[in-house]
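Atoms within each ligand, like the ligands themselves, are counted from 1 in listed order.
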Amino acid sequence: MSKDYEVIVIGAGPAGYHAAIRCSQLGLNTACINKMVDDSGSPVLGGTCLNWGCIPSKALLDASHKYVEASSVFGDIGIQVTGIKADVPKMIERKREVVSQLTKGVEGLFSGNGVKNLPGSGKLLASCQVEYESLAGEKKTLHSDYVILASGSVPVSIPPAPIDGDAIVDSTGALEFQATPKRMGVIGAGVIGLELGSVWSRLGSEVVILEALNEFLPSTDGRVSKDLFRILKKQGLDIRLGTRVIATEVKGKGAKKTVSVTYEKDGEENKIEFDKLIVAVGRRPYTEGLLSPDSGVNLDERGFLFVNDICATDAPNVYAVGDVVRGPQLAHKGMEEGIMVAERIAGKKPLVNYDVVPSVIYTHPEVAWVGKTEEQLKAAGESYNVGSFPYAANGRALAAHENEGFIKILSDAESDRILGVHVLGAQASEIIAQAVISMEFSATAEDLGLIMFAHPSLSEGMHEAALGTAGHAIHMINKRARKG
Ligand code: FAD
Ligand code: AMP
């Protein structure tokens, strides 16, 4: 049977578009089917990440951070400004422009690399056949040698707080408010809840974050989560742990709408009122309409597409990558999976190193980490050294008025290999790349201590923390090399 394409990718989020572009670069005749459309119904590439995730959230985080700096930090560094005002519609408009520039950029990359862009839905049938339904509703069956599924994820909704797209919104709605809500609730103190809570709190909203768990960011290094909790509280985020939302009621109409939230804490029920409520309780794999019953692809017990460590599904020649499969729901994890699968289809044998996936929370200060936390090492009974260096002792951090936070390195007590790095502080998202590179190349803490870092720079904290694991950091008094 003649084939329409050698590879069909379903989904053009970061996982899918990386896979499609790399396949084309490797000489494979590739098409990418993607059903996302914008407000006007026009097809858009880039998936959640570019349209409703990483990029728009960072555009608003950066804009709101600049507003806070201008209104309450500039005075401290000798810049007097008056008449500061947050222009929320302008911020939202600029965010849209950034998104549009990037999504059009992916369109350009598709055409420049020869990826056939097929707007519409894809459904996997048996034997690598795909039913393609265009946005106009026309259906046809496409034949391919390989299929890569990259349908991504969507926000989880919970019965006590149904999304109405107005008073109760998910992360997508929270990126589109045209005015700062006076009182805003957030359900869930995960990464998305903290980032969106920070945006609107910085712009003047009284933000209350309701989190069912008693622990704050339980998978983050203990010292980082303790310090971040204190810092965010000081910034005005009212984070209430052990607080489970059990019901909501939308009252009033139009601009007067409010949401009454009933929550349970310490066995007691209480109510609290908000103008807007953001539900940020996680994301689930999106597989609606993706698989025909005879596709041969199975789901795991949590509803993700089941794949092995090279992202192969149970169906021959069908792979799945990104948020729709196990592992951290992070854009860069899906990108690397997409590239790995493309190269495997082309006969190469790369692997994704799941032990070295960086995570970032874009609060201010930022949090970034890679590898093991101190708590995980303790629980595993491993012996390790700790080196930690505060931003307050870093010349560049002080010069930049960024003295909150620290860089902490955990290294194996015997081999000195770096096991985990945790950064709380300005530009943590950039600094963590050094740790990722070091760990990817199996560096020891001594290796990092022997490398020259530009002075003055925030990165010098990494050098000092590495020296600190052996008890000889220069710009702090080493009481002793701390050993776990
Ligand atoms: P998606 O980006 O979800 O893309 C899937 C695409 O497939 C979509 O376009 C969808 O329409 C399409 N599709 C689905 N089914 C079909 C079908 N049957 N036919 C055709 N097309 C289909 N991650 C980070 O790493 N860093 C961050 O800072 C970050 N911030 C975030 C902030 C927010 C507010 C949110 C919501 C997420 C954030 N994420 C972040 C997560 C990140 O967005 C996801 O991990 C990433 O988008 C997943 O990529 P993906 O390609 O797997 O899926
Ligand atoms: P994440 O999955 O990291 O985005 O985090 C989502 C958070 O939402 C988790 O920490 C959950 O404990 C929290 N959560 C889920 N349901 C509720 C609820 N009904 N009330 C309060 N918090 C919740």
Side-chain angles (χ1 to χ4, degrees), residues 8-19 32-37 43-58 60-61 103 118-124 130-133 149-156 158-161 170-172 174-175 185-196 199 209-219 240-248 261 263-265 278-291 320-325 327-335 337-338 357-362 429:
I8 294 178
V9 181
I10 301 182
Y17 85 72
H18 276 68
C32 183
I33 305 175
N34 188 56
K35 69 177 175 190
M36 192 176 272
V37 292
V44 280
L45 300 175
T48 306
C49 168
L50 294 197
N51 292 280
W52 301 110
C54 319
I55 297 299
S57 61
K58 266 78 252 177
L60 294 184
L61 278 157
T103 56
L118 297 175
S121 311
K123 179 190 270 186
L124 180 70
V130 173
E131 181 186 274
Y132 166 57
E133 181 174 352
L149 304 170
S151 54
S153 63
V154 288
V156 168
I158 49 171
D170 56 20
S171 59
T172 301
L175 293 165
V186 181
I187 310 180
V191 176
I192 294 176
L194 293 176
E195 291 185 359
L196 293 172
V199 166
I209 302 185
L210 307 165
E211 168 56 58
L213 298 177
N214 290 314
E215 233 184 307
F216 181 61
L217 295 173
S219 56
R240 303 188 188 174
L241 301 178
T243 305
R244 174 172 294 279
V245 172
I246 52 173
T248 55
V261 174
Y263 62 87
E264 199 179 76
K265 186 173 169 60
I278 303 177
V279 182
V281 296
R283 296 181 64 79
R284 63 175 176 83
Y286 180 65
T287 54
E288 272 84 328
L290 181 70
L291 305 172
V321 292
D323 276 15
V324 76
V325 304
Q329 289 177 312
L330 292 169
H332 43 277
K333 172 261 190 187
M335 294 172 186
E337 288 179 336
V357 180
S359 296
V360 179
I361 311 176
Y362 292 82
S429 57

If every non-hydrogen atom of [X] is compared with every non-hydrogen atom of [Y], which pair is closest and at what distance?
X: Ala189; Y: Glu211; result: N-OE1, 2.8 Å
X: Asn51; Y: Gly46; result: ND2-C, 3.9 Å
X: Ser121; Y: Lys35; result: OG-CD, 3.7 Å
X: Ile10; Y: Gly122; result: CD1-C, 3.9 Å
X: Leu50; Y: Pro56; result: O-CD, 3.3 Å
X: Ala161; Y: Thr248; result: CA-OG1, 3.6 Å

### Task
Go through the steps for Val245 and Val279 under the test side chain to side chain contact (heavy atoms under 4.5 Å, CB included), then give the verdict.
CA-CA 10 Å; Val245 172; Val279 182; over 6 Å; no
Distance from [X] atom [atom1] to [Y] atom [atom2], nearest 0.5 Å?
X: Ser151; Y: Leu290; atom1: OG; atom2: CG; result: 4.5 Å
X: Ile55; Y: Thr48; atom1: CD1; atom2: OG1; result: 12.5 Å
X: Cys32; Y: Tyr17; atom1: SG; atom2: OH; result: 11.5 Å
X: Ile209; Y: Ile187; atom1: CD1; atom2: CD1; result: 11.5 Å
X: Leu210; Y: Ile246; atom1: CG; atom2: CD1; result: 11.5 Å
X: Leu241; Y: Glu215; atom1: CG; atom2: CD; result: 9.0 Å

Among [options], which residue places a heavy atom closest to [atom]?
atom: atom 22 (C) of ligand 1; options: Gln329, His18, Lys35, Glu288; result: Lys35
atom: atom 5 (C) of ligand 1; options: Ser153, Gly46, Ala150; result: Ala150
atom: atom 43 (O) of ligand 1; options: Ser359, Pro358, Gly120, Cys49; result: Cys49
atom: atom 52 (O) of ligand 1; options: Leu124, Val360, Asp323; result: Asp323
atom: atom 53 (O) of ligand 1; options: Ser429, Gly152, Gly47; result: Gly152
atom: atom 49 (O) of ligand 1; options: Gly122, Pro14, Cys32; result: Pro14
atom: atom 26 (N) of ligand 1; options: Gly13, Gly289, Ala19, Cys54; result: Cys54

Shortest protein contact, [atom] (heavy atom only):
atom: atom 32 (C) of ligand 1; answer: Gly53 C, 3.4 Å
atom: atom 25 (O) of ligand 1; answer: Ala331 N, 2.8 Å
atom: atom 34 (C) of ligand 1; answer: Trp52 O, 3.7 Å
atom: atom 15 (N) of ligand 1; answer: Ser151 CB, 3.3 Å
atom: atom 2 (O) of ligand 1; answer: Thr48 N, 2.9 Å

Does ligand 1 have any atom that is closer than 4.0 Å to a heavy atom of [X]?
X: Lys333; result: no
X: Val324; result: no
X: Lys123; result: no
X: Tyr362; result: yes

With the side chain counted from C-beta on, respond yes when [X] and [Y] share a heavy-atom pair under 4.5 Å apart, and no when they do not.
X: Asp170; Y: Trp52; answer: no
X: Ser57; Y: Val199; answer: no
X: Leu291; Y: Leu149; answer: yes
X: Glu337; Y: His18; answer: no
X: Val186; Y: Leu196; answer: no

Please work out, at 4.0 Å between heavy atoms, whether the side chain, the backbone, both, or neither of [X] comes within that distance of ligand 1.
X: Arg283; result: side chain
X: Ala15; result: both
X: Asn34; result: both
X: Pro155; result: neither

Output, or 'none' if empty, a list of ligand 2-protein atom pairs in which both atoms are N or O and the distance is under 3.5 Å, rounded to 0.1 Å.
{"from": "ligand 2", "atom 1": "10 (O)", "to": "Glu211", "atom 2": "OE1", "distance (Å)": "2.8"}
{"from": "ligand 2", "atom 1": "10 (O)", "to": "Glu211", "atom 2": "OE2", "distance (Å)": "3.0"}
{"from": "ligand 2", "atom 1": "12 (O)", "to": "Glu211", "atom 2": "OE2", "distance (Å)": "2.6"}
{"from": "ligand 2", "atom 1": "19 (N)", "to": "Val245", "atom 2": "O", "distance (Å)": "3.2"}
{"from": "ligand 2", "atom 1": "20 (N)", "to": "Val245", "atom 2": "N", "distance (Å)": "3.0"}
{"from": "ligand 2", "atom 1": "22 (N)", "to": "Ala212", "atom 2": "N", "distance (Å)": "3.1"}

### Message
Test your reading of the structure: does Lys58 have an N or O sitting under 3.5 Å from an N or O of ligand 1?
### Response
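N/O-N/O distance below 3.5 Å exists for this pair.
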### Query
Just distances here: any N/O of Leu175 and N/O of ligand 1 closer than 3.5 Å?
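So ligand 1 has no N or O lying under 3.5 Å from an N or O of Leu175.
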Give the atoms of ligand 1, by number and element, whose distance to some non-hydrogen atom of [X] is under 4.0 Å.
X: Ser121; answer: 19 (N), 20 (C)
X: Gly322; answer: 52 (O)
X: Ser57; answer: 32 (C)
X: Tyr286; answer: 14 (C), 15 (N)

